[in-house]
Protein chains: 2
Amino acid sequence: MTATAARTPPRKRASNGAARRSEADEIGLDALVGHAGYAVRRFQIWIFQDFVRTLGDVEIRPTQYSVLTVIGANPGLSQMAVAKRLGIERARLVHLLDSLEQRKYVKRIKSKEDRRSHALHLTAQGETALAKFKGLAAEHERNVEAKIGKENREQLLRILAGFT
Amino acid sequence: MTATAARTPPRKRASNGAARRSEADEIGLDALVGHAGYAVRRFQIWIFQDFVRTLGDVEIRPTQYSVLTVIGANPGLSQMAVAKRLGIERARLVHLLDSLEQRKYVKRIKSKEDRRSHALHLTAQGETALAKFKGLAAEHERNVEAKIGKENREQLLRILAGFT
DNA sequence: GGGCAATTGTTGTCGTCAACAACAATCTTT
DNA sequence: AAAGATTGTTGTTGACGACAACAATTGCCC
């Protein structure tokens, strides 16, 4: 249906000069509505900003939180394993871990079995910090719930469960 | 529930050295499952990549497509109006339009009413190109449908309709 | 009607992030 | 032992969001 709409000639309203649309932005999105990617992108931006705002006091961003969570749940993982599990590049994970190690949340321990790799662990400080972060993340999740509705959020999680 | 899970001590499996997990990555995500933001981010990455791949031959990225679509549906808009409608910064839109204008898809016409602003229009070439892009975008949308299911996609669009 | 604030497009900087490429050190395979 | 693959690291490139500053222009206010 989107393809057929492409043949529709654009309605030339306000084609002379810049738009003078009172104030209510009644600007049509045309084919953009109906594109899952656009809706998801806008939603993702919203969720990202709310997360950053809610976890702003502890200065933890979404990616950092995901790294800490995975290490906390699976101590001893290699950087490669973490990167693959979270779908981030190992090159990028290096900087993330540099930062988290500098803040004393994470330790890189040289593996005896494979001297190329590092076993990743949370420090004691990292454990207690992560517990706090999880509380704030739960607060953020409640914000999401308030934004789109309780059962909508659950349905969304169900639909996208395959991507985690 | 996510908050209570934070108190659960991490099970120390494979804590000596780097992980030796056969091959099937059975790495727990712990609290990450249940976070809408994480699922949405992963899904957004997938959708983004599929869009870029499907529209790869015509070298159109999602943001460019959204700009062309809005201009095509609302000829004469100012840059400010387009930027506000799509939630991108006007500073960023400048470069986007530079590129699209260079490729002869878009024209910046100096407005007579407000000599500060430009009225944005598609060129004839831009119109036919956009029609082609819409066809490819529809193909991409079918990929999404194949990935998450027809009614799941529709439900997703309904849930996130407020963000467009 | 004159002056001041706001708006528009533009340029620039900074930091995040994905995608590569190259490299040394270290396994693994043959 | 030699060749090839993997792991962590460094660096580059380009898209992107967030700001800040600026000139030109418009709108508002007194």
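Below, chains carry the letters A, B, ... as their sequence lines are ordered, and counting in each starts from 1. Nothing here was measured: the structure is a model prediction, and the numbers come from that model.
Counting to the nearest Å, the P atom of D:dC28 and the CG atom of B:Asp114 are 12 Å from each other. Straight-line distance from the CZ atom of B:Arg53 to the C1' atom of C:dA18: 17 Å, rounded to whole Å. In this structure, the CG atom of B:Leu93 is 12 Å from the C1' atom of C:dT8, given to the nearest Å. The CG-P distance, from A:Leu97 to D:dT10, rounds to 12 Å in whole Å. Per the geometry, CD belonging to A:Gln79 stands 15 Å off C1' belonging to C:dT26, to the nearest Å. Straight-line distance from the NZ atom of A:Lys110 to the C1' atom of C:dT26: 13 Å, rounded to whole Å. Between A:Arg85 atom CZ and D:dT7 atom C1' the separation is 20 Å, expressed in whole Å. Atom CD in B:Glu101 sits about 13 Å away from atom P in C:dG9, given to the nearest Å.
Considering only the side chain of A:His95, D:dT10 comes nearest among C:dC27, D:dT10, D:dT9.
Residue A:Arg90 is the one, among B:Arg90 and A:Arg90, whose nearest nucleotide of DNA chain D lies closer to the 5' end (criterion: closest heavy atom).
Side chain of A:Glu141 to backbone of B:Ala36: a donor-acceptor contact under 3.5 angstrom is found.
In summary, A:Glu154 and A:Lys150 engage in a salt bridge, as defined by a charged side-chain N under 4.0 Å from a carboxylate O.
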Below 3.5 Å between N/O atoms, which protein atoms pair up with nucleotides 1-7 of chain C? Just atom names and distances, please.
residue, atom, partner, partner atom, Å
C:dT7, O2, B:Arg116, NH1, 2.5

Report each atom pair, protein N/O against N/O of nucleotides 15-17 of chain D, whose distance is under 3.5 angstrom.
residue, atom, partner, partner atom, Å
D:dA15, O3', B:Arg61, NE, 3.3
D:dA15, O3', B:Arg61, NH2, 3.3
D:dC16, OP1, B:Thr63, OG1, 2.9
D:dC16, OP2, B:Arg92, NH2, 2.3
D:dC16, O5', B:Arg92, NH2, 2.9
D:dG17, OP1, A:Arg41, NH2, 3.0
D:dG17, OP2, B:Arg92, NE, 3.4

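Residue pairs meeting the ring-ring contact (aromatic ring centres under 6.0 Å, His included) criterion with at least one member in residues 131-152 of chain A, sequence neighbours excluded: A:Phe51-A:His140, A:Tyr105-A:Phe133.
For B:Phe43, the ring-ring contact (aromatic ring centres under 6.0 Å, His included) test picks out A:Phe163, with sequence neighbours left out. By the side chain to side chain donor-acceptor pair (under 3.5 Å) test, B:Arg42 pairs with B:Tyr38, sequence neighbours left out. Under the side chain to side chain donor-acceptor pair (under 3.5 Å) criterion, B:Glu101 pairs with B:Arg108, not counting sequence neighbours.
Hydrophobic clustering keeps B:Leu55 apart from B:Ile47 (ILVMFWY residues linked when any side-chain heavy atoms are closer than 4.5 Å, directly or through intermediates).
The one candidate from B:Arg90, B:Lys84, B:His118 that meets the side chain to side chain contact (heavy atoms under 4.5 Å, CB included) condition with B:Gln79 is B:His118.
Contact annotation for B:Arg115: backbone-only contact, meaning every heavy-atom pair under 4.0 Å involves sugar-phosphate atoms and none involves a base.
For the atom pair CG of B:Leu130 and CD1 of B:Ile71, the computed distance is 9.5 Å after rounding to the nearest 0.5 Å.
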